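The block underneath contains the structure these notes are about, expressed in structure tokens.
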Amino acid sequence: MTVDRLVVDSNVLISAVLTSGGAPAKLLDHLQQTRAVLVFSEPTMEELATRLLRSRFDRYVDRATRLRFLAEIDAVAEFVGISNTVIGCRDRNDDKFLETALTADCQLIVSGDQDLLLLHPWRNIHILRPAQVMQMRTDQEQTLPPG
């Protein structure tokens, strides 16, 4: 599956900042290389910013680095407007990710949130963990002819 546009849940982006060697960070590197478009809505970006800037993360990554990450994401992100429609996720707070992906015609939501993952696939949108997306990438590379 080639992904051009996707929504990445806040928990995955926060993990990418906090753990540079993990699957979320590798996924972000891959997305940057392939020039995939990260899609946000105002509510999804607000959630990312408010959670990432919590003082409990100060001991892992300094605030300046986290602010720089937010600025870099904001600079390359595509924003769509959503109406905060009730979609039906068992965690109502996750509906914003579903609505953002649906509004932006995304093929993929990357998340570690079980409430979202249980919905896979949802309205022809894949909902996968970062490691699953990276494994798909590896599998695709192995099936390409050498050259």
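Since we're looking at a predicted model, the values are computed, not measured.
Pro121 places none of its side-chain heavy atoms less than 4.5 Å from the side chain of Ile127. With contacts defined as side-chain heavy-atom distances shorter than 4.5 Å, the pair Asp9/Leu13 does not qualify. Looking at Val86 and Arg92, their side chains come closer than 4.5 Å, going by heavy atoms from C-beta outward. Inter-residue side-chain proximity for Ile87 and Cys89 is flagged as unmet; no heavy-atom pair is nearer than 4.5 Å. No side-chain heavy atom of Val110 sits under 4.5 Å from any side-chain heavy atom of Leu128. Side-chain contact between Leu108 and Val8: absent, with no pair of heavy atoms (C-beta onward) separated by less than 4.5 Å. Between Leu70 and Leu48, the closest side-chain pair of non-hydrogen atoms falls below 4.5 Å.
To the nearest 0.5 Å, the span separating OG on Ser10 from CD on Glu47 amounts to 3.5 Å. Once rounded to the nearest 0.5 Å, the distance linking OG1 of Thr85 with NZ of Lys96 reads 13.5 Å. The CZ atom of Arg35 sits 13.0 Å away from the CG atom of Asp4 when rounded to the nearest 0.5 Å. Atom CD of Gln107 sits about 8.0 Å away from atom CG of Leu6, to the nearest 0.5 Å. We find the CD1-CZ distance between Ile14 and Arg54 to be 7.5 Å, quoted to the nearest 0.5 Å.
Ser20 pairs by the side-chain hydrogen bond (donor to acceptor under 3.5 Å, both in side chains) definition with nothing, not counting sequence neighbours. In this structure Asp94 satisfies the salt bridge (Lys or Arg N to Asp or Glu O under 4.0 Å) test with no other residue, sequence neighbours excluded. Legend: residues meeting side-chain contact (heavy atoms from CB on, under 4.5 Å) with Asp105, ordered by chain and number and at least two apart, are absent. Take Arg66 and apply the side-chain contact (heavy atoms from CB on, under 4.5 Å) test, not counting sequence neighbours, and it matches Val17, Leu52, Leu53, Phe57, Asp58, Val61, Arg63. With sequence neighbours left out, the side-chain hydrogen bond (donor to acceptor under 3.5 Å, both in side chains) criterion links Ser15 to no other residue. Annotation: side-chain hydrogen bond (donor to acceptor under 3.5 Å, both in side chains) contacts of Gln33 (sequence neighbours excluded): none. Every residue two or more places apart in sequence or in another chain was checked for a salt bridge (Lys or Arg N to Asp or Glu O under 4.0 Å) with Arg68, and none qualifies. Among residues two or more places apart in sequence or in another chain, the side-chain hydrogen bond (donor to acceptor under 3.5 Å, both in side chains) test is passed with Arg90 by Asp115.
The minimum heavy-atom distance linking Val12 with Pro24 is given by the pair O-CB, 3.4 Å. Across every non-hydrogen atom of Leu27 and Met134, the tightest pair is CA-SD, 3.5 Å. In terms of heavy atoms, Cys106 sits closest to Val7 at SG-CG2, 4.0 Å. Between Leu117 and Ser111, the shortest heavy-atom distance links the atoms CD2-O, 3.5 Å. Contact between Asn84 and Glu99 at its shortest, heavy atoms only, is N-OE1, 3.0 Å. Residues Gln132 and Arg129 approach most closely at OE1-N, 2.7 Å, considering heavy atoms.
Evaluation of the ring-ring contact (aromatic ring centres under 6.0 Å, His included) test over residues 82-123, restricted to residues two or more places apart or in two chains, returns His120-His126.
Crowding of Asp91 atom CG: a count of heavy atoms from other residues, nucleotides or ligands under 6.0 Å exceeding 12.
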Only distances under 3.5 Å count here; give the side-chain donor-acceptor pairs of residues 38-46 to other protein atoms, sequence neighbours excluded, each with its distance to 0.1 Å.
{"unit_1": "Ser41", "atom_1": "OG", "unit_2": "Thr44", "atom_2": "N", "d": "3.4"}
{"unit_1": "Ser41", "atom_1": "OG", "unit_2": "Thr44", "atom_2": "OG1", "d": "3.4"}
{"unit_1": "Ser41", "atom_1": "OG", "unit_2": "Thr100", "atom_2": "OG1", "d": "2.8"}
{"unit_1": "Thr44", "atom_1": "OG1", "unit_2": "Ser41", "atom_2": "N", "d": "2.8"}
{"unit_1": "Thr44", "atom_1": "OG1", "unit_2": "Ser41", "atom_2": "O", "d": "3.0"}

Under 3.5 Å, sequence neighbours excluded: what are the donor-acceptor pairs made by side chains of residues 72-79?
{"unit_1": "Glu78", "atom_1": "OE1", "unit_2": "Arg5", "atom_2": "NH1", "d": "2.8"}
{"unit_1": "Glu78", "atom_1": "OE2", "unit_2": "Arg5", "atom_2": "NH1", "d": "3.1"}
{"unit_1": "Glu78", "atom_1": "OE2", "unit_2": "Arg5", "atom_2": "NH2", "d": "2.8"}

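When each of Leu119, Ile125, Leu102 is paired with Ile109, the side-chain contact (heavy atoms from CB on, under 4.5 Å) condition holds for Ile125 and for no other.
No chain of hydrophobic side-chain contacts below 4.5 Å, direct or via other Ile, Leu, Val, Met, Phe, Trp or Tyr residues, connects Leu118 to Leu98.
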